[in-house]
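Here's the structure, in structure tokens; my notes come after.
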Amino acid sequence: MSRNVQRVRGTQDIWGEDADRFQAVVDTFDTVRRLYAFQRVEMPVFEATSVFARSIGETTDIVSKEMYSFEDRGGDSLTLRPEFTAGLCRAYISEGWQQLAPLKLATHGPVFRYERPQKGRYRQFHQLDAEIVGSDSPAADVELLVLADQLLRELGISDGVTLQLNTLGDAETREAWRAALVAHFESHRGDLSDDSLVRLDKNPMRILDSKDPRDRPAADSAPDIDAYLAPEARGFFEKVTAGLDAAGVAWTRNARLVRGLDYYRHTAFEFVTDRLGAQGAVIAGGRYDGLIEALGGSHTPAVGWAAGIERLAMLAETVPSPAPEAVLVPLGEAAEAAAIGIIATLRRAGIACDMGFRGNMKRRMAKADSSGARYAIILGEDELARGEASLKDMKSGEQQSLALAALTEKLRAR
RNA sequence: GCGAUCGUAGCUCAGUUGGUUAGAGCAUCGGUUUGUGGUACCGAGGGUCGCGGGUUCAAGUCCCGUCGAUCGCCCCA
């Protein structure tokens, strides 16, 4: 298998059942986003490197060591997108979408991060993405969360997934809490793991969700944001949770759920499963009111989430791959020639069908059977001479002779 | 980037303390009187045992390196 040509590390060839499941996730997302009146948007797979460097933050691992950046032939530094949000915000500014705000947008496609591959974690992976740009209403957060919840329900995986919810407050709250956290962890410096000592300088809030047991006492005794929540921020969070309750979406408060980047405000959430090991987050997002400003636009509140298609597909049941309605079995050269016209007519009439090209009749019938087709259309020379074909019901085994002209109507009648 | 486990046909695996031409099931292809599938039987193709080096009379089996996958850490929409 691994001769000369090998897949690039962290990439995947998706086919067969996996491809069916992957497509089912995308199709379900597309159906659900229409129900919520989210517009489809297509964006470039690469952007100027500065778009991600400025929005995601120079100090993050994503920007400092996980981006696929390269210089193009014109000497510009470009980067394959490591996420959707930054590019979408750039588009919002470049395309003048502020006139249309609030905008409800949905997109999906490949994203790229140079990471150590694991199950459910690839260097080219695929995300669904939903964002509401230009709304500072908690109703936007609610709508996005209900959308995510319905997506999981339609995929049949909502049982194994829980919504964890937190608030990071407004800018002032967030700063006050952050300062309190730093003070708290400074006083416990001696108890922290090496990783968390680095976090203390770079990303102190991340100590809260550290998995290292050495960090847990200090993390667990750290102050919650609640004591620092400004009244408006508290009100915002209460409206979000009340909206979820009204919509019948189950959630749990996770006061240790945080976002490292400064432009995150208010709602932060993750839909988490324990069925995928360390890669447990299947949908994650939050409100990022400060991002578009950081990119050079005017102050624009926004909220959104992204979901890993591969992870959702791994949780989803196998979907039966769509079978053709009929398979043509031509016998002999003249029949094969005639079959080309017949199958073209059927397909133009919207009837999914296939044709076997090789083997003897027994083989072709076996092929027709394993395809799952409802009918086999047997085209023999003598039948063709009479302008007829044999239509065989693969389930009952019944077979009848039919005028070629009646074939389309007969199959479409079903 | 760090630590650990693993790597034999398309897939799932077997391969005894290193010992002759590396096996099975599934799948594929062909056949069981030549125009009829799902069952059964017969047969065939397909592997330089991830790759490279080393130890040995002898390596799929041991050692080293490398690549890849997996598990955890890290990071994360």
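Every chain is numbered from 1, with letters handed out A, B, ... down the list of sequences. Every heavy atom of this structure was used, including side-chain atoms; hydrogens, water molecules and symmetry mates were not.
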Worksheet, complete the sentence: In RNA chain B, stems of three or more consecutive pairs, Watson-Crick or G-U, each with both distances under 3.5 Å, turn out to be B:1-7 with B:67-73, B:10-13 with B:23-26, B:28-32 with B:40-44, B:50-54 with B:62-66
Item to complete: May I have the distance from A:D209 (atom CG) to B:rC76 (atom C1'), rounded to whole angstrom?
Response: 10 Å
Practice prompt. Using a 4.0 Å heavy-atom cut-off across all strands, classify A:Q399 as base, sugar-phosphate, or nothing.
Written response: base
Worksheet entry | Residue pair A:H266, A:F237: steps toward the ring pair (Phe, Tyr, Trp, His ring centres under 6.0 Å) verdict | CA-CA 7 Å; A:H266 295 293; A:F237 189 54; 9.3 Å; no
Identify each atom pair where a protein N or O and an N or O of nucleotides 65-70 of chain B are less than 3.5 Å apart, giving names and distance.
unit_1, atom_1, unit_2, atom_2, d
B:rA69, OP1, A:G10, N, 3.1
B:rA69, OP2, A:R9, NH1, 2.9

Item to complete: Within residues 365-372 of chain A, find the residues that approach RNA chain B with a heavy atom at under 4.0 Å, and present them sorted by residue number.
Response: A:M365, A:A366, A:K367, A:D369
Fill in: Spacing of A:I377 atom CD1 and A:S390 atom OG [to the nearest 0.5 Å]
10.5 Å
Worksheet item: Given the C1' atoms of B:rA22 and B:rC13, what is the spacing between them in whole Å?
Response: 14 Å
Worksheet item: Considering only the C1' atoms, how many Å lie between B:rA59 and B:rU8, rounded to the nearest integer?
Response: 14 Å
Result block: side-chain N/O donor-acceptor pairs under 3.5 angstrom for residues 133-140 of chain A, not counting sequence neighbours:
unit_1, atom_1, unit_2, atom_2, d
A:S135, OG, A:S137, N, 3.2
A:S137, OG, A:A139, N, 2.9

Discussion item. Looking at B:rC75, I'd like to know if its phosphate oxygens (OP1 or OP2) sit under 4.0 Å from a side-chain N or O belonging to A:N203.
Written reply: no
Discussion item. Does the structure place the NZ or CZ of A:R123 under 6.0 Å from the centre of the six-membered ring of A:Y114, at an angle of no more than 45° from the ring's axis?
Written reply: yes
Worksheet item: A:R364 has an atom CZ; how far is it from atom C1' of B:rU36, in whole Å?
Response: 13 Å
Worksheet item: With sequence neighbours left out, what residues match A:Q98 under side-chain contact (heavy atoms from CB on, under 4.5 Å)?
Response: A:Y92
Worksheet entry | Phosphate-side-chain proximity, A:R113 and B:rA77, N/O vs OP1/OP2 below 4.0 Å | no
Discussion item. Restricting to side-chain contact (heavy atoms from CB on, under 4.5 Å), what partner residues turn up for A:L155, sequence neighbours left out?
Written reply: A:V25, A:T28, A:L151, A:I157, A:L312
Worksheet item: Between A:R363 and B:rG37, does any side-chain N or O lie under 4.0 Å from OP1 or OP2?
Response: no
Worksheet item: From B:rA77, B:rG37, B:rC74, pick the nucleotide closest to the side chain of A:M394?
Response: B:rG37
Worksheet, complete the sentence: Separation of B:rC74 atom P from A:R214 atom CZ, nearest Å, is 10 Å
